[in-house]
Amino acid sequence: GKQTGHQGLKESFKGNLYNEYKDKMGEIIIGYYQREKNGSIYVDFGKVEGVLPAKFQSPREEYEKNDRIRALIVDIKKTSSGIQVVLSRSDPEFVRSIIELEVPELSDKTVEIYKVVRDAGYRTKIAVFANREDVDPVGACVGVKGSRVHGIVRELCNENLDVINYSSNTKLFIQRALAPANITSVNIDEENKKAEVFLKPEEVSLAIGRGGMNIKLAS
């Protein structure tokens, strides 16, 4: 009867761990690089093992043994040996969480994130707005002389990051969303939900972005 007792204990420990990490879904967790297998990176969190699958990595990132890894918990699996926490660093929500850690105005809701879109390794666009007239939402996220945004960009291995001011004025919002390109004017066809954007010839490739990505993220 000894074996079953031990087994039961192991299962209940696993159950407790499972519940503990289930509550952490969508949170950032920090661990250490352990090994790589078939493109997946295994991360040590002490009590549990984390896995960062290739599809959830940013193409900019390379790791060495014992590197510190911050990632978002996106799933939890029970395995024969215990619990495996599935991680992501490519998710737009990862960027949202990193920014929330750096910008206190977000935690007290003075500034809110309207939306985050991302092509991991290439560019992230974040639209923000303030709930108070006297607060500049973009300034709050960027920080004095870019102090806050530098930390975020460093965490993303120098991925491009556009923080823009959300506006309910569609024309204005489209204009800002196409950053870093400067838009001359925007015509909106409400019926067909289309926008025509005018810009100087030298701004066109910036607006479209590599492989059409800037325009896709803006849309």
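Numbering of residues begins at 1 and proceeds along the displayed sequence.
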Check: Glu196 main-chain N/O paired with Asn187 side-chain donor or acceptor under 3.5 Å: no
To the closest 0.5 Å, what do you measure between [atom1] ([X]) and [atom2] ([Y])?
X      : Y      : atom1 : atom2 : value
Ile73  : Lys22  : CD1   : NZ    : 12.0 Å
Met213 : Asp119 : CE    : CG    : 4.0 Å
Glu100 : Arg96  : CD    : CZ    : 6.0 Å
Leu87  : Phe94  : CG    : CZ    : 10.0 Å
Ser40  : Glu36  : OG    : CD    : 8.0 Å
Leu178 : Leu217 : CG    : CG    : 10.5 Å

Mind checking whether [X] and [Y] sit in one hydrophobic cluster, side chains of I, L, V, M, F, W, Y counted as touching below 4.5 Å?
X      : Y      : answer
Ile28  : Val103 : yes
Ile188 : Leu172 : no
Ile174 : Val117 : no
Ile83  : Val74  : yes
Val153 : Leu106 : yes

Does any part of the side chain of [Y], heavy atoms only, come nearer than 4.5 Å to the side chain of [X], both counted from C-beta?
X      : Y      : result
Arg118 : Arg123 : no
Val128 : Val163 : yes
Val43  : Val51  : no
Leu156 : Val95  : yes

Steps toward side-chain contact (heavy atoms from CB on, under 4.5 Å) verdict (Asp162, Ile126): CA-CA 6 Å; Asp162 303 326; Ile126 300 167; over 6 Å; no
Criterion side-chain contact (heavy atoms from CB on, under 4.5 Å) on Gln84 and Ile76, from CA distance to verdict: CA-CA 6 Å; Gln84 194 179 59; Ile76 288 120; over 6 Å; no
Quick one: list whatever passes side chain to side chain contact (heavy atoms under 4.5 Å, CB included) with [X], sequence neighbours left out.
X      : result
Ser205 : none
Glu202 : Lys200
Asp134 : Arg132

For [X] and [Y], which I'm curious about, is there any donor-acceptor pair between the side chains at under 3.5 Å?
X      : Y      : value
Glu159 : Thr124 : yes
Asn214 : Lys125 : yes
Thr110 : Asp108 : yes
Asn192 : Asp189 : yes

Might you point out which heavy atoms bring [X] and [Y] nearest each other, and give the distance in Å?
X      : Y      : value
Tyr21  : Ile29  : CE2-CD1, 3.7 Å
Pro92  : Val116 : O-CG1, 3.6 Å
Ala177 : Ala218 : O-CB, 3.6 Å
Arg148 : Pro104 : NH2-CD, 3.6 Å
Lys65  : Tyr33  : CA-CD2, 3.3 Å
Gly26  : Leu72  : O-CD1, 3.4 Å

Candidate pair Glu49 and Lys77, rule salt bridge (Lys or Arg N to Asp or Glu O under 4.0 Å), full reasoning: CA-CA 10 Å; Glu49 180 175 66; Lys77 292 185 172 142; over 6 Å; no
The single option from Glu105, Lys109, Glu112 passing side chain to side chain donor-acceptor pair (under 3.5 Å) against Asn131: Glu112
Worked verdict on Lys47 versus Leu17 for side-chain contact (heavy atoms from CB on, under 4.5 Å): CA-CA 8 Å; Lys47 288 191 286 188; Leu17 257 188; 4.1 Å; yes
Please list, one pair per line, the donor and acceptor atoms closer than 3.5 Å that link side chains of residues 136-145 to other protein atoms, with sequence neighbours excluded.
{"unit_1": "Asp136", "atom_1": "OD1", "unit_2": "Val138", "atom_2": "N", "d": "3.2"}
{"unit_1": "Asp136", "atom_1": "OD1", "unit_2": "Gly139", "atom_2": "N", "d": "3.2"}
{"unit_1": "Asp136", "atom_1": "OD2", "unit_2": "Gly139", "atom_2": "N", "d": "3.2"}

Stepwise side-chain contact (heavy atoms from CB on, under 4.5 Å) check, Leu199 with Val204: CA-CA 7 Å; Leu199 62 174; Val204 174; 4.2 Å; yes
Result block: side-chain N/O donor-acceptor pairs under 3.5 angstrom for residues 55-64, not counting sequence neighbours:
{"unit_1": "Gln57", "atom_1": "NE2", "unit_2": "Gly39", "atom_2": "O", "d": "2.8"}
{"unit_1": "Gln57", "atom_1": "NE2", "unit_2": "Leu52", "atom_2": "O", "d": "2.9"}
{"unit_1": "Ser58", "atom_1": "OG", "unit_2": "Arg60", "atom_2": "N", "d": "3.2"}
{"unit_1": "Arg60", "atom_1": "NE", "unit_2": "Gly121", "atom_2": "O", "d": "2.5"}
{"unit_1": "Arg60", "atom_1": "NH1", "unit_2": "Cys157", "atom_2": "O", "d": "3.2"}
{"unit_1": "Arg60", "atom_1": "NH1", "unit_2": "Asn158", "atom_2": "O", "d": "3.4"}
{"unit_1": "Arg60", "atom_1": "NH2", "unit_2": "Gly121", "atom_2": "O", "d": "3.3"}
{"unit_1": "Glu61", "atom_1": "OE1", "unit_2": "Tyr63", "atom_2": "OH", "d": "2.5"}
{"unit_1": "Glu61", "atom_1": "OE1", "unit_2": "Arg89", "atom_2": "NE", "d": "2.8"}
{"unit_1": "Glu61", "atom_1": "OE2", "unit_2": "Arg89", "atom_2": "NE", "d": "3.0"}
{"unit_1": "Glu61", "atom_1": "OE2", "unit_2": "Arg89", "atom_2": "NH2", "d": "2.9"}
{"unit_1": "Tyr63", "atom_1": "OH", "unit_2": "Arg89", "atom_2": "NE", "d": "3.0"}

Contacts of Tyr166 that satisfy ring-ring contact (aromatic ring centres under 6.0 Å, His included) - sequence neighbours left out: Tyr114, Phe173
